[in-house]
Every structure is written in C-alpha cells, then in structure tokens.
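Report on the structure given below.
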Amino acid sequence: MTTVAPGVLRTDYQRSVAAYWNAERDPVNIRLGEVDGIYHHHYGIGPYDESVLVGPEETRDARVIAELHRLETAQADFLIDRFAGTGPQDRLLDGGSGRGGTSIMTNRRYGCRVDGVSISEKQVEFANNQAAKWGVADQVRFHFRNMLDTGFETGAFRGVWTNETTMYVDLFDLFGEFSRLVAPGGRYVCITGCYNDLTGGRSKAVSQIDERYTCSVHPRSAYFKAMAANNLVPIEVVDLTPHTIPYWELRERSSVATGVESSFLTAYREGSFHYLMIVADRV
Ligand code: GPP
Ligand code: MG
C-alpha cells in the first residue's frame, strides 16, 4: 500500500525537482532497466569489459547497454554490502528511491522490509509496479513522501541509504531526519558526488552537472560536518572516483549518452569532484 504524507512538496524548488523526475523517460535509464527489470538512477563502478566494443556491429549497442547496466548494478551491490547482517526482521529506508532498483535488490539480498520515499509521484508509481512485478510488494513499499520529513516513526529503521540523492537537499535537515529514523547502533550509507574543498569552489564542470539535473552538489566537507552534528559517525569512506571513470568513458561512447558525460569526466579528471561512499554509524 502506498501512503501519502501531507505537504510533500513544500517549495517551488522541490516542485521543479519533482517535475523533472515525473517527466523523465531517458533511454539511458529505461533501456538499461529493461536488460533485467531492475531500474537504476545512479551511475556505475568497476572496469568495463572491452570486448563489448568489438565483435558484431549489429549487436554492439545491446552489448554496451548491458555492460553499462552491469556496472550500475555493481554500484548498488557495493552499497548493499554495507548492510551485511540485515535479516528478514529488519527494516531499511531508501531516501530518494527513484524507480526502485536499489530497494528491490536489497530486499532480494537480505529478505528485509524496505521503504522507499520519493517526491516524484511517477517514480513512486513505477517503483511500486516493479515491486508488484517481482512479487515483493508486501515487503518493498514506495511512498510519495519527502525524505526531509518522512513521517515514519522514530528509530523505526535499522538503516538508511541515499544513492545519489543528497545533492537535492540541505544536509543538516536530511541527516537530522535520518538520525531520528535510524535506531542507535544502526547505519547510514551514502553514495554521492561532491565537490572538492581543496580545489576551492564549484568548478565549471560541477556547475554543468548542477544545471543538468537541477541539483546543487555539496562540498565534501559538508557531509562530515552535517553527520557530526547529527550523531552519525563515519566508519568507512571510499573514494570511488577512479572506479566510476570507466563507466563514464563507456557511456560517452554509447548510443544512450545524454551529453553530461564530458562534464563528469572533466570534473573527475581535474580533481574538482569526487564520487564518494560514506558509511556512518548512528550513535
Ligand atoms: C542520476 O540519476 C543521479 C542524479 C540525477 C543526481 C546527480 C548525481 C551526482 C553524482 C551529481 P540518473 O540515472 O537518472 O541520471 P542519468 O539520466 O544521467 O543516467
Ligand atoms: Mg542513469
């Protein structure tokens, strides 16, 4: 059952973000999702198999699409690994759940209950349809709710993750809500793109990324300040930047490139931007 909390969209900015995701039907997401019925809204990690680019011309496009999807799935698996020990009795929250891919994979791995929240009604509807298709609608539920104010009970979750969604919100507000939702001893896992405090402000390439997605990439430091202020204590930080560059190189050469590839590659290569995973314990 989908539940709706009142006042989900509170600002013009939030309404514009919701409008983007309600309208989004990009082949880079839909065609990849069609590979195996798991729809992602995040990027990939790991080396790509170069053989996908050689071999029969007529099937090259399909090989590249499948390979991009495999790398995105590897990214989700890497995040899901951080919840090792989760069992069927546990409940996890997906903050900004998109078309539901990471949530459905997490339930498949641990048998746990997962709640996803999104401010896009279309994505919530799509994701709930996916959960039904996979026969897990009783365990994986997507809600039209705002991750800054979810309405869920205090301490209800063993863990929360955000997979590339924190660039849409104030981190102090977000981690305040997550700190409330996660039971002490629970965990928050964040994969994000952030800009580099060392190189100074927002580079041109990072500004292009912001413009493309109507988001506002935070500096790396902001994550640690906002966690420290909200009883979230980092235990693991992984710079995934070198691991995501191959994904972008392959994506740039694919038929589903959207034009943002050069901005990501420039930002990563010049060091103005990182692809980071932060795992924090709730104390
Ligand atoms: C991508 O989802 C994620 C975002 C829009 C947030 C921005 C992420 C950063 C790391 C800065 P997507 O899968 O919908 O994007 P695309 O359509 O480009 O594949
Ligand atoms: Mg995508």
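Atoms within each ligand, like the ligands themselves, are counted from 1 in listed order.
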> Is a side-chain N or O of Arg251 found less than 3.5 angstrom from the main chain of Tyr43, in a donor-acceptor match?
Replying inline: no
>> Is there a side chain to side chain contact (heavy atoms under 4.5 Å, CB included) between Asp61 and Arg31? Walk through the geometry before answering.
In response: CA-CA 11 Å; Asp61 188 46; Arg31 285 198 58 202; 3.0 Å; yes
> Would Phe157 and Phe152 count as a close aromatic pair, with their ring centres under 6.0 Å?
Replying inline: yes
> Under a 4.0 Å heavy-atom cut-off, what residues line ligand 1?
Replying inline: Trp21, Val28, Asn29, His41, His42, Tyr43, Glu164, Met167, Tyr168, Gly193, Ile209, Tyr213, Val217, Arg251, Phe273
> Hey, any chance Leu9 and Leu174 share a hydrophobic cluster, counting ILVMFWY side chains that come within less than 4.5 Å of each other, even indirectly?
Replying inline: yes
>> One pair to check against ring pair (Phe, Tyr, Trp, His ring centres under 6.0 Å): Trp161 and Tyr188. What are the steps and the verdict?
In response: CA-CA 6 Å; Trp161 76 79; Tyr188 169 54; over 10 Å; no
>> Just verifying a value: how many Å separate Gln75 CD and Glu164 CD, rounded to the nearest 0.5 Å?
In response: 5.5 Å
>> Assess, by modelled atom type and distance only, whether the side chains of Gln14 and Asn146 contain a donor and an acceptor separated by less than 3.5 Å.
In response: yes
>> Closer than 3.5 angstrom, by distance alone: can the side chain of His40 be matched with the main-chain N or O of Thr102 as a donor-acceptor pair?
In response: no
>> Pair Asp210, Ser216 - check side chain to side chain donor-acceptor pair (under 3.5 Å), show working.
In response: CA-CA 5 Å; Asp210 280 348; Ser216 182; 4.6 Å; no
>> So, at under 2.8 Å, which protein N, O or S atoms would a careful student list around the Mg ion (ligand 2)?
In response: Asn29 OD1
